[in-house]
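Written out below as C-alpha cells is the structure these notes cover.
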Protein chains: 2
Amino acid sequence: MELTAPDDAPLRADAARNRARLLEAAARLVEEQGVARLTMEGVACAAAVGKGTVFRRFGDRTGLLMALLDHTEQRFQTAFISGPAPLGPGASPVERLHAFGCHALRQTSEQLDLYLAAEPEATRRFTSAPYRVRFMHVCMLLRQTGSGTVTDTELVAQTLMGYLDPALIGHLTRQRGVSPERLETGWCDLVDRSVGPRPA
Amino acid sequence: MELTAPDDAPLRADAARNRARLLEAAARLVEEQGVARLTMEGVACAAAVGKGTVFRRFGDRTGLLMALLDHTEQRFQTAFISGPAPLGPGASPVERLHAFGCHALRQTSEQLDLYLAAEPEATRRFTSAPYRVRFMHVCMLLRQTGSGTVTDTELVAQTLMGYLDPALIGHLTRQRGVSPERLETGWCDLVDRSVGPRPA
DNA sequence: CCTTTAAGCGGACCTCGGTCCGTTTTGTTG
DNA sequence: CAACAAAACGGACCGAGGTCCGCTTAAAGG
C-alpha cells in the first residue's frame, strides 16, 4: 500500500504512468457521476488498465479515494506546518488551533462526499497517514499552550479531532441544518474549554 | 427495517419464530468464530432459513448486529432513564453525565468487537435508534445543568458522544494501550469542562 | 546489445452483501 | 370451512470489492 506506508522506492516508468492515468480517470468519473457510482472496475476500464493494477497501486477503494484527496491534504499540511500565521507558526497555539479547525471544517465541507467516501473502516480511521499528521499537530499545539491545565493531551486531541470527523460534519450540516458559522463557533468554544483552566 | 423504525405491528407467528432462531444462530456463530467470520448466508443456513428472510427481518448486516446488541442497549437505556441514581434520576445532571459515560465506556469495551462491527456506514452513524436515544439523553442532561454556560447544547452533546465512539475506544485501548481508568478520567474531565463556565 | 530478474500487469475467479420475484403460509372474513 | 389478501419465504441472481497467478516488460549489469 501507499498512503499507510509511503514507498520511498520510485515507481517504474509504466507504473507511474498508470498511476497518473488512474487518478485522472477516477477524478473525472467522480466529477461526472458522483463518488457513489465509482467502481474500481470502472476506473480501471476508463484508464485502459487491468483491475488488478488499481488494487496493486492503491490497496483498496478507500486508498484510491484517499489518493484523490492527497493533494488537498498535502497543501493543508504544509499550510499548518510551515505556512503563514495564524495557521502556521507565528500565532499563539490557541489561535493556531482555532485556525486549524476552521480550515479543516471548510475543507471537509467543500469536498464532503469525497471525504465521507474516503473514510476507512472503523478500525483504520485513526491510523491513516493524514489523520495521524493532523492528530500529531493538534497534540503539539495543545502542549505548546503551556498552561499545565491540559491533563491528558492525547485524549483531548482525540476529542478535538472527533469534532472534525467528516461523518459528523455531514450529519450536522446536511441532516440537522447547522450553519458553517455555528460549526466554527462551536469549534472555537471547544478549543477554549479544552485549553482553559480546569473548572472546579 | 426494524431498529430504525420499530414496527409496532406484531410479527406473524412464523416470522417471530424465524427471527428468534436467526438471533440465536447469529449469537452462537459470533461466539464460536468471532464476528468477523459471520456471513449472512451462514446465519441463514445455521438457522435453517432462506437468505432473503434474514435481510427481510434485519435489513442488512449492520441491522442484524445491532439486533444482537439490542438487549444490552435496552437495559442501558432503562437504567439511565428510570433506573437508580447516579445513572438514573436522583443525582445531579453532572453526576449523571459522569455515570453515563463511564457505563457506556465499560459496556462498549466489554463487547468491543460487536460494537465495532455494528457501526453503520458514515452517513447512518448518527441516525440509528440507539444512538439517538443516547444523544437525546445527553442533551437533556446538559440542559438540566441549568448553568447557561453551555452555549450550543447539540454541538456539545455530539462532542461528548464522539468520545464514546466504539472505534475511538477500540483504538485507544488496543492500539495505544490506554487504560480504562484513564479513559474514564478523561470522560469526566471532558464533561466538567463542557458544563463549566466558559473560560476567558 | 543480450540476459536476467523483479516489478508490474491483467483479467479470470471468488466471496459476500443485497435484490427480486414466483411460491407458500398465515390469519381473517363471510 | 372456504376463499382471499397480506405477509413471509427462499434461493437464484447480480454487482462490486478483492485475490491469484501466469505472462509481460522495464531497467540494471555484463
Side-chain angles (χ1 to χ4, degrees), chain A residues 1-23 25-26 29-30 33-68 117-124, chain B residues 1-5 7-23 25-26 29-30 33-68 117-121 123-124:
Chain A
M1 251 176 285
E2 170 144 332
L3 281 175
T4 63
D7 236 80
D8 292 15
L11 293 172
R12 231 169 63 173
D14 52 350
R17 187 203 54 197
N18 282 339
R19 185 189 141 89
R21 286 166 70 175
L22 283 167
L23 283 176
L29 288 177
V30 165
Q33 15 176 306
V35 68
R37 294 209 190 287
L38 191 79
T39 79
M40 296 302 266
E41 202 156 12
V43 176
C45 195
V49 140
K51 190 178 174 182
T53 303
V54 191
F55 284 94
R56 154 176 303 270
R57 193 55 51 210
F58 299 104
D60 57 12
R61 201 183 121 103
T62 297
L64 172 60
L65 295 174
M66 294 209 312
L68 283 179
E119 191 116 324
E121 276 315 297
T123 314
R124 295 165 49 201
Chain B
M1 249 175 286
E2 170 145 331
L3 282 174
T4 64
D7 237 79
D8 293 14
L11 292 172
R12 232 169 63 173
D14 52 350
R17 187 203 53 196
N18 282 340
R19 185 190 141 89
R21 285 166 72 174
L22 283 167
L23 283 176
L29 288 178
V30 165
Q33 16 177 306
V35 68
R37 295 206 191 288
L38 191 78
T39 80
M40 296 302 266
E41 201 157 12
V43 176
C45 195
V49 141
K51 191 178 175 183
T53 302
V54 191
F55 284 94
R56 152 176 306 269
R57 195 54 52 210
F58 300 102
D60 57 12
R61 202 184 121 102
T62 298
L64 172 60
L65 295 174
M66 294 208 313
L68 283 180
E119 190 116 325
E121 276 314 296
T123 314
R124 296 166 46 201

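First the proteins, then the strands, lettered A, B, ... as listed; each starts at 1. Note: hydrogens, waters and symmetry copies are ignored here, and every other heavy atom, side chains too, is used.
- Residues Arg37(B) and Ala13(B) both approach DNA chain C. Their nearest nucleotides, taken by heavy-atom distance, put Arg37(B) toward the 5′ side.
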Which nucleotides of nucleotides 5-15 of chain C have their base under 4.0 Å from a protein heavy atom (B), which only their sugar-phosphate (S), and which neither (-), written as one string 5' to 3'?
-> -BBBBBB----
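- The shortest distance between side-chain heavy atoms of Thr62(B) and Arg124(B) falls below 4.5 Å.
- Inter-residue side-chain proximity for Leu23(B) and Phe58(B) is flagged as met; some heavy-atom pair is nearer than 4.5 Å.
- Using a 4.5 Å heavy-atom cutoff, the side chains of Leu65(A) and Leu68(A) are in contact.
- Looking at heavy-atom distances under 4.0 Å, Leu38(B) makes contact with sugar-phosphate atoms alone, never a base.
- For Glu121(A), the side-chain contact (heavy atoms from CB on, under 4.5 Å) criterion is met by Glu121(B), not counting sequence neighbours.
- Counting heavy atoms from C-beta outward, Arg61(B) and Leu38(B) have side chains that approach closer than 4.5 Å.
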Please report, to 0.1 Å, the donor-acceptor pairs under 3.5 Å made by any side chain of residues 9-18 of chain B, with sequence neighbours excluded.
{"unit_1": "Arg12(B)", "atom_1": "NE", "unit_2": "Asp14(B)", "atom_2": "OD1", "d": "3.3"}
{"unit_1": "Arg12(B)", "atom_1": "NH2", "unit_2": "Asp14(B)", "atom_2": "OD2", "d": "3.0"}

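- Taking the side-chain contact (heavy atoms from CB on, under 4.5 Å) definition, one finds that Ala47(A) meets it with Arg21(A), Leu22(A), Ala25(A), Val49(A), sequence neighbours left out.
- The shortest heavy-atom contact between Ala44(A) and Val54(A) is CB-CG2, 3.5 Å.
- The CZ-P distance, from Phe55(B) to dT19(C), rounds to 7 Å in whole Å.
- On the nucleic acid side, DNA chain D contacts chain B at distances under 4.0 Å to non-hydrogen atoms, with the end points of that region at dA6(D) to dG11(D).
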